[in-house]
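Since the model is a prediction, treat every value here as computed from it, not as a measurement. Ligands are counted one by one from 1 in listed order, and the atoms in each one are counted from 1 as well.
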Amino acid sequence: VSDLRFKPCELPDDLERVRAEVRSFLREMLGDRPAARRAPSWTGFDPAFSRACGARGYIGMTWPREFGGGAQSALARYVVAEEMLAAGAPVNAHWPGDRQTGPLLLRYGTEAQKRRFLPALARSEIFFCVALSEPDVGSDLASIRSRASPVDGGWLLRGRKIWTSNAHRAHFMMGLFRTSWTPERKHDGLTQMIVDMASPGLEVRPIRDMTDARHFNEVTFQDVFVPHDQVVGAVGSGWSQILDELAYERSGPERYLSAYLALPALLREVDARDPGVQMAVGRLVASLAVLRRMSVSVAGMLAADETPNLQAALVKDLGTTLEQDMPNVCATLLNAEPSPESGSDCAQALAYLLRAAPSFSLRGGTREILRGIIARGLGLR
Ligand SMILES: Cc1cc2nc3c(=O)[nH]c(=O)nc-3n(C[C@H](O)[C@H](O)[C@H](O)COP(=O)(O)OP(=O)(O)OC[C@H]3O[C@@H](n4cnc5c(N)ncnc54)[C@H](O)[C@@H]3O)c2cc1C
């Protein structure tokens, strides 16, 4: 347990200027958009909004300037992400590129890949989807079966991916494929590749979620060609690259703020002097404050080039528990039936959040998988 330390970290005062700027940008962009339209924030896909974010320098904030980034600190990026989610901004179009693909390319991409993709991602001219999961293979990712076979000049892909968010609107996919197979060493032989979504042989089929939104898909590959120069990192090194990518993805404010906007929406509609409301809201705010400190601490450790995987897994587990509780607590306090079509703004926002909430603890690694990582980090398994 001695390894479990959350180093104290304060957001520097000068970031309050960044916070004020992003708040004013969001007021300008979102205006008085009701909570019910803001609620899908994570899955809200709005290329015009993403392009405006790019123009303001809110994408790739930590990347070097030569690749279109802002060369700013990870803590500045944290403040921007926090404000975007608290406001329910539609971040989904640029989110995978900003959070996962960009940092991955910076770390493992070739010079040509960085020059081609990073500036375009930072301007939101292109969007990436991320394809890891396959039918029957989610948590046990090393068991993926989609194959890349070597051919002249590159690789031929065959197989199937599932739950691929935005595959129907992305220009490129960052996919994980099996390039070799040794039964007793299944973590070897996995390789990440950039796939052009317009490639012949690639088919995207929609999957609707419980909220009736279409944001994820099934993708099939029938001899899809990928040239050699679109392999990311070393052939066969995909597993360790993915672990880095997921650790980065697990720690941010997005892991406890997915349902935050239910709270201000609720407080606009209930009597805040009611002791029951005060007690329940007080509990939620206390949990939010603690999680925020833990999450900022992880951001501080990442900024100092440490690898706080255990702490990040803890923040995600506790954070998704809170963001799943929040719509339920708010629905009880609202004392009205949440409904997607009628009722108050808060009732409609809650109708969405209640149906979306089960996914909060699935995306990016399930609760049980995180608890396994936590147990291992504590030396318990
Ligand atoms: C909104 C959303 C967006 C997504 N977007 C993407 C995307 O863009 N790209 C992508 O590749 N994937 C995406 N996913 C898929 C997601 O990563 C997987 O759903 C997740 O990893 C779980 O995999 P699974 O669905 O196959 O469930 P399984 O792995 O089959 O798990 C089923 C249940 O068994 C439990 N379980 C599994 N293994 C163990 C174990 N060893 N010990 C204890 N319990 C265990 C799990 O915790 C879970 O409760 C998305 C999912 C959601 C909900």
Side-chain angles (χ1 to χ4, degrees), residues 39-45 85 90-101 104 127-146 157 159-178 186-187 190-195 197 202 204-221 232 238-239 241-243 245-250 254-255 258-259 313 316-317 320-321 323-324 352-376 380-381:
S41 183
W42 256 81
T43 48
F45 194 98
L85 293 162
V91 293
N92 193 245
H94 64 268
W95 210 225
D98 186 39
R99 296 165 70 235
Q100 284 181 261
T101 308
L104 179 85
F127 302 122
F128 264 74
C129 58
V130 176
L132 307 172
S133 310
E134 297 186 1
D136 305 322
V137 182
S139 304
D140 183 19
L141 197 55
S143 296
I144 61 162
R145 290 184 292 258
S146 290
L157 308 181
R160 208 143 61 104
K161 295 285 178 186
I162 199 166
W163 316 125
T164 318
S165 300
N166 296 333
H168 56 310
R169 349 191 223 210
H171 305 90
F172 298 96
M173 164 189 287
M174 182 67 73
L176 183 70
F177 299 93
R178 183 158 287 293
K186 66 179 182 180
H187 296 89
L190 297 171
T191 304
Q192 285 184 291
M193 297 182 184
I194 299 170
V195 185
M197 295 303 284
L202 187 152
V204 179
R205 297 194 196 103
I207 306 173
R208 289 201 176 271
D209 74 5
M210 278 205 298
T211 69
D212 203 31
R214 178 194 177 181
H215 53 85
F216 45 32
N217 303 270
E218 180 186 47
V219 184
T220 53
F221 308 85
V232 178
W239 183 253
Q241 294 176 196
I242 290 281
L243 291 188
E245 186 182 331
L246 289 178
Y248 199 85
E249 197 232 16
R250 275 179 184 150
E254 56 270 40
R255 296 310 184 182
S258 305
K316 182 174 186 285
D317 184 27
T320 51
T321 302
E323 55 184 21
Q324 285 178 332
Y352 170 83
L353 289 169
L354 285 167
R355 284 176 300 153
S359 73
F360 298 166
S361 58
L362 293 176
R363 58 191 184 192
T366 67
R367 176 165 287 138
E368 289 73 21
I369 296 306
L370 290 169
R371 290 183 181 170
I373 295 172
I374 294 166
R376 198 173 306 115
L380 301 173
R381 58 189 290 242

Q: Report yes if Thr366 has an N/O atom closer than 3.5 Å to an N/O atom of ligand 1; otherwise report no.
A: yes
Q: Geometry only, no angles: is Ser165 polar-contacting ligand 1 at N/O separations under 3.5 Å?
A: yes
Q: Is atom 30 (O) of ligand 1 less than 4.0 angstrom from at least one protein heavy atom?
A: no
Q: Donor-acceptor pair, distance only, cut-off 3.5 Å: does the side chain of Asp209 make one with the backbone of Ala213?
A: yes
Q: Is there a side-chain contact between Arg371 and Ile369 in this structure, where contact means two heavy atoms from C-beta onward sitting under 4.5 Å apart?
A: no
Q: Taking Ser146 for its side chain and Arg160 for its backbone only, find out whether a donor-acceptor pair lies under 3.5 Å.
A: yes
Q: Can you name the atoms of ligand 1, numbered from 1 with element, that are less than 4.0 Å from a heavy atom of Val130?
A: 7 (C), 8 (O), 9 (N), 10 (C), 11 (O)
Q: Under 4.0 Å and counting heavy atoms only, is there anything from the protein next to atom 37 (C) of ligand 1?
A: yes
Q: Taking N or O atoms only and a 3.5 Å limit, does Glu134 qualify as a polar contact for ligand 1?
A: no
Q: Measure the distance from atom 39 (C) of ligand 1 to every protein heavy atom, then report the residue, atom name and distance (to 0.1 Å) of the closest one.
A: Ile369 CD1, 3.8 Å
Q: Could an N or O of ligand 1 be found under 3.5 Å from any N or O of Arg363, whether backbone or side chain?
A: no
Q: Can you find an N or O of Leu132 that's nearer than 3.5 Å to an N or O of ligand 1?
A: yes
Q: Among all the protein's non-hydrogen atoms, which is closest to atom 28 (P) of ligand 1, and how far away is it?
A: Ser139 OG, 3.7 Å
Q: Evaluate the side-chain proximity of Phe45 to Phe127: yes if any heavy-atom separation is below 4.5 Å, no if none is.
A: yes
Q: Please indicate, with yes or no, if any protein heavy atom is found under 4.0 Å from atom 42 (N) of ligand 1?
A: no
Q: Could you tell me if the side chain of Lys186 sits less than 4.5 Å from the side chain of Arg178, heavy atoms only?
A: yes
Q: If the cut-off is 4.0 Å to any non-hydrogen atom of Leu362, which atoms of ligand 1 fall inside it?
A: 20 (C), 53 (C)
Q: Are any of the N/O atoms on Glu368, whether in the backbone or the side chain, positioned under 3.5 angstrom from an N/O atom of ligand 1?
A: yes
Q: Give a yes or no on whether atom 5 (N) of ligand 1 lies under 4.0 Å from any heavy atom of the protein.
A: yes
Q: Are any of the N or O atoms of Asp140 closer than 3.5 Å to those of ligand 1?
A: no
Q: Report yes if some heavy atom in the side chain of Ile162 is under 4.5 Å from a heavy atom in the side chain of Ile207; otherwise report no.
A: yes
Q: Does any non-hydrogen side-chain atom of Leu132 lie less than 4.5 Å from one of Ile242?
A: yes
Q: Does an N or O anywhere in Gly138 fall below 3.5 Å from an N or O of ligand 1?
A: yes
Q: Tell me the salt bridge (charged side-chain N to carboxylate O under 4.0 Å, His left out) pairs involving residues 161-176, sequence neighbours left out?
A: Glu134-Lys161
Q: Taking Asn92 for its side chain and Trp42 for its backbone only, find out whether a donor-acceptor pair lies under 3.5 Å.
A: yes
Q: Please state which protein non-hydrogen atom is closest to atom 14 (N) of ligand 1 and give its distance, to 0.1 Å?
A: Trp163 CB, 3.5 Å
Q: Can you check whether Met197 reaches His171 side chain to side chain, under 4.5 Å on heavy atoms?
A: no
Q: Which residue holds the protein heavy atom closest to atom 17 (O) of ligand 1, what is that atom called, and what is the gap in Å?
A: Ser133 OG, 3.5 Å
Q: In plain terms, say whether Arg99 and Glu254 are close enough for a salt bridge, that is, a side-chain N and a carboxylate O under 4.0 Å apart.
A: yes
